[in-house]
Amino acid sequence: MTTRFCLALAVAAASALHAAPSIFDLGTADSPLHTGAQRVTEKGGEHAAWESSLPPAARAHPVQRDWVENTHTRRKDPPASYQTELTCDHIASDTPATLTLAVPSGTYRLILLCGRAGGRAEQVWDICATTEDGADARATFAGPHELRALTLDATTGTRGIRLDLTTRSRWVLNAVIAVPAAEWEAAQRDTVDPLLRDALLLPREVLASWKIVPRPDTAPEPAWSERQRQDGVAVYARPWCEPVWPDHKPRQHELDAPVRAFASPGEYEPLTFTLHALRAVTNVDVRLSALVCTNGRTRVELPAENIALRSVRYMFVRPNYNAFNTAYRAPDILMPWQPQPIPRGENLRLWLTVRVGHGQPAGLYHGRATVTADHTVLEVPLTLRVLPITLLKDRSLVYGQYYRHPLPNSERAPDAFSRAWWQRKAEAEHMDMREHGMNTVVLGLGGWLKDGRWQFTFDTLQRNLDLARGVGFDKPFVCSFPCSALYRKHMNNADMGSHLSQIKMPPDAFFDELTWMVQTIDAEARRRQWPELLYYPVDEPSTSPDSVAFMTRVMAAIKKVPSVRTYITADPEHEPFAPLRPYVDIWCCQPFALGREAVLADMKARGVEYWCYPNHISGENDHTPTIGARMTYGFGFWQSGYRCLIPWIYQSMAGDPWSYLDASTSDFFNRTADDGTPIPVTLWEAYREGIDDHRYLFTLETAIARAEAAGRRESASRAREVVARIVAEMRVQPKYKQDGLWSAGTFDAWRWALAEQILALQAEEQHP
Amino acid sequence: MKQACALVAGALCSAVFARTEPSLEYRYLDGLAAPKRWAPSECEVTVSPHRAWEHPAACMRIPVDFHAGEKAYPIGWPRMYLTLNAEEQGWSDYDRFEFQLFTESSREKLPSRPVTFHLYDAQGQKKLIVLEQAALKDWRTVSVNLSDIGLAGPVARLGFNINESDYSDKDWIAFHVGGFRLARATAPHVTELRAVTPALFCDCRVLPIELVIEGPAAQLASGIPVQLRTGTRTVLTRTLPVTRGRQTLYVPLDTSPLTPGAYTLTVNPDAGGSGPEAAISVTTTPWQ
């Protein structure tokens with residue numbers, strides 16, 4: 001009674017005030033209060049009241065700006081995520097609650113800030129906010145740093161705005177910004193957007209130390225048609241592996257260019273087109289039709305459900321993952337499609353991924369994308385040629401990913417929903433890796449000393465292997481094991497340091513125990529019938545004499561166990577690593593450091609393997625070298641002689657996964673949707689397309705061999721000429737990134753040239 | 001008639017672009033060779049006894065030592081940096097930045113990555129160039145096209161470094177760098193044509209080519225002629241607007257598809273049709 005009377009008074013009082021946005025800052029009684037905001041604690045506030053069967057809890061974190069020493073890297077790190085007065089504190093609960101906010105009567109747009117709650121990495125937050133009108137907004141995300149802004153419209157009831165908060169695990173709420181609907185435009189510009197930038201990107205005083213350096217646009221303004229001016233939107237098409245920058249103009253020849261692709265059954269193929277806003281567009285929506293082929297009299301469909309529709313999201317990115325103070329907007333994440341506005345002068349790139357089923361009949365398929373941009377409706381024709389080719393894949397090659405496994409988080413999760421979320425994430429990501437051509441993943445075996453005896457996480461590794469094998473990963477698994485824990489045991493808890501920067505030679509007993517450790521792991525692996533593990537004791541050792549001496553003895557100790565193979569991330573061209581050569585079975589280096597002839601000769605002579613972790617196209621230092629990524633995975637890998645591509649990493653997250661400017665390093669590569677499924681980035685799609693280029697090459701080489709064996713030398717020779725022409729036109733490089741590459745369209749032209757030869761050899765085989 | 005006009009226009013335009021090496025103008029930045037201008041780390045910078053193009057040089061001598069240097073990184077990156085004075089900036093009127101490099105060492109052979117040259121703008125954005133051309137006891141010219149630097153702002157700082165991990169402990173190496181200069185062509189000149197599109201669908205709208213053009217920007221207004229031939233038959237001639245530096249040009253193709261086959265693209269052809277050229281394979285189209 002008292003609460004309702006107080007709120008009624010509060011509403012009356014609020015009505016007398018100027019109807020400006022109301023900001024409610026949720027937190028503890030003494031946590032920092034955003035200027036002009038109204039405090040709401042777990043007990044409520046002057047203009048807010050809670051109803052719940054169990055009272056929620058309030059918590060606050062310091063608003064930290066200082067950088068702190070990292071004893072492992074010996075560098076100073078910024079905060080993992082930046083708090084503001086609005087986000088440093090919150091109220092959370094695992095029980096439903098209703099929050100009533102006393103605001104003048106009317107219709108409002110609400111912005112809810114949810115997240116930055118700190119706490120356990122395994123906690124999955126799940127928030128559903130529902131108004132009295134029935135409008136709702138939801139978010140599900142994991143960990144201590146992510147922050148989300150939910151938007152929903154609400155109309156006041158008798159006591160103000162009522163928000164029902166429900167959850168499947170724990171909900172968290174940091175702030176509510178209530179803007180009268182009539183004032184939204186001005187409030188968005190003057191209040192909401194600045195607050196959101198502070199909260200979601202960087203606080204303004206931190207952002208002030210960064211320089212935003214847009215990529216210059218050197219293209220001349222195209223001649224717009226009268227129709228485009230009237231529509232306010234121009235449609236254009238550019239090869240998918242060439243970036244579209246946020247505010248660049250289309251080239252003249254790209255306007256209304258055909259949106260087309262070709263693919264073989266079993267392939268995923270991108271089709272992209274872009275909308276350039278000649279004036280601000282408040283809402284764009286897109287609908288896809290099926291792709292239809294009329295092969296003479298037969299009508300065949302490739303249903304719209306087989307086409308994933310996404311749009312390219314621009315992110316503020318750093319020029320390198322550990323660089324600071326310079327950023328620019330770059331095309332990066334392929335977000336699931338949602339209707340959205342386009343600011344004037346900016347681009348919205350639609351990214352369609354067509355899945356061509358294994359039984360899809362060959363032919364020329366046509367469809368359309370219907371674009372509604374405010375009052376304008378545009379039809380964008382789509383064309384896909386499905387080829388009658390059964391694509392092969394060189395199964396001797398290894399395609400892997402470094403990977404932060406979600407399953408341990410599932411095991412440590414505090415509630416059932418969080419447990420299931422991490423499990424689903426792991427499963428979905430493995431499926432995704434398989435669908436992108438991967439056949440292994442980097443794993444780790446944990447271990448610790450308990451009462452003088454080593455405990456190993458064999459069951460955890462078992463589950464990880466089962467998941468990987470369940471999706472068809474059939475290659476050896478690079479596996480780290482507790483070498484650093486063993487070092488601490490023998491070296492009085494000392495740290496080896498990043499890249500072995502603090503290494504000192506341990507006693508012989510360390511190496512003896514290391515051999516025992518590998519023997520024990522190997523015995524268990526045989527007992528459990530595991531696939532081959534590649535023993536990976538230390539990552540990226542330096543070339544210092546102490547590091548090399550230590551690593552040489554480590555690898556020698558491992559090699560004392562019969563039949564096990566060792567793996568090292570190091571460049572064999574570095575002379576200081578020479579002592580390691582007798583003990584390393586797999587050299588994994590960043591570029592294709594050694595040339596093809598040297599690699600093939602050494603592999604043949606000594607039985608070693610050369611692998612590559614091509615981080616220059618993994619997003620680590622540039623989110624846009626899609627042409628370089630396609631080249632690395634396709635023609636480049638084919639010519640290199642290397643046996644594996646295994647970049648770091650499938651998903652890198654530091655701080656808030658949607659702000660790349662916080663934390664000591666930038667996030668990069670694939671993101672995660674609310675349901676735990678992966679959200680790809682353009683580079684990830686480029687890997688798959690490069691692998692497909694390689695498949696066309698391998699399919700043709702196999703067909704050539706078959707033709708030659710059958711005596712069809714003329715057609716085989718014609719096919720070989722095409723392959724030779726491609727090799728002659730390649731500028732072979734250790735790293736394919738930006739320079740010295742073909743234009744984007746050339747890759748498809750070469751792929752078609754290969755396909756033509758496959759079809760010709762196929763036809764000759766079928767009709768001799 | 002239209003084609004005739006294009007051909008005539010092409011002939012007139014071709015007179016603007018030099019077909020032989022044009023004369024070059026240089027602006028020497030001798031101040032960059034002064035040792036005291038460089039801030040060295042794990043190396044020593046002195047006046048070089050050598051001259052580069054009759055201009056002064058500095059000597060960066062590096063004793064490779066896997067045990068000395070920075071405590072955290074004993075196998076580190078001996079380096080030196082120099083900040084340009086105001087009067088040394090303003091490179092936009094030039095085509096290239098050049099210097100000469102002479103290398104001496106205790107080694108018999110240089111590593112594949114002997115030394116890296118750095119260019120920075122005022123915001124700290126950088127361009128790194130590995131000087132693979134370095135050769136023992138031989139002068140090599142380092143010539144950087146300014147349009148390849150790719151910095152948002154003007155060049156404000158230079159640097160050199162080696163990775164000690166590319167060398168062996170106790171090696172020594174000395175880089176003599178001098179003759180620092182900015183260079184520009186006095187007449188428009190195509191210095192590079194890159195075949196970025198060796199394969200093309202017959203129904204493409206454009207043929208992308210990559211060119212580097214040097215010379216005064218004011219003389220480029222009339223564009224550059226390009227010609228596409230198959231065998232001896234000229235298929236099309238176009239004159240395209242160009243700017244100074246590295247650029248991608250999109251050669252408009254006819255609306256009717258090209259006949260699949262082998263083609264040659266020639267830039268700035270002379271009366272006989274010769275000039276920098278690139279081979280193109282035109283393929284059929286999958287969409288017909």
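Nothing here was measured: the structure is a model prediction, and the numbers come from that model. Just the heavy atoms: all of them, side chains too, but no hydrogens, waters or symmetry mates, feed the values below. Order of the sequence lines fixes the chain letters, A, B, ..., with proteins taken first and strands second; residue numbering starts at 1 for each chain.
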Visitor: Would you call A:R260 and B:D203 a salt bridge, taking side-chain N to carboxylate O under 4.0 Å as the test?
Guide: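 A salt bridge links A:R260 with B:D203.
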Visitor: To the nearest 0.5 Å, what is the distance between CH2 on A:W750 and OG1 on B:T283?
Guide: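 Answer for the CH2-OG1 pair, A:W750 versus B:T283, is 9.0 Å.
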Visitor: Would you indicate whether B:K126, at its atom NZ, is surrounded by more than 12 heavy atoms from other residues, nucleotides or ligands within a distance under 6.0 Å?
Guide: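 Count not over threshold, so no.
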Visitor: Does any heavy atom of chain B fall under 4.5 Å from the side chain of A:L741, the backbone, both, or neither of them?
Guide: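 The backbone, not the side chain.
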Visitor: Side chain, backbone, both or neither: which part of A:R725 has a heavy atom under 4.5 Å from chain B?
Guide: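 Looking at A:R725, just its side chain touches chain B.
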Visitor: Check whether A:Q502 gets within reach of chain B through its side chain, its backbone, both or neither, counting any heavy atom under 4.5 Å.
Guide: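 Contact with chain B is absent: no heavy atom of A:Q502 under 4.5 Å.
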Visitor: So what's closer than 4.5 Å to chain B heavy atoms on A:P545: side chain, backbone, both or neither?
Guide: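 For A:P545, backbone and side chain are both near chain B.
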Visitor: Which atoms of A:S542 are under 4.5 Å from chain B, going by heavy atoms: the side chain, the backbone, both sets, or neither?
Guide: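 Interface part for A:S542: neither.
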Visitor: Does any heavy atom of chain B fall under 4.5 Å from the side chain of A:R251, the backbone, both, or neither of them?
Guide: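 Interface part for A:R251: side chain.
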Visitor: Pick one of side chain, backbone, both or neither for A:A257, based on which atoms fall under 4.5 Å of a heavy atom in chain B.
Guide: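 Contact with chain B: backbone and side chain both.
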Visitor: Do the rings of A:F262 and B:F201 sit parallel, tilted or perpendicular, given the 30° and 60° boundaries?
Guide: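 If you compare the ring of A:F262 with that of B:F201, the planes turn out perpendicular.
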Visitor: Measuring heavy-atom distances to chain A, does B:Q247 have an atom under 4.5 Å in its side chain, in its backbone, in both, or in neither?
Guide: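 Contact with chain A involves no heavy atom of B:Q247 at all.
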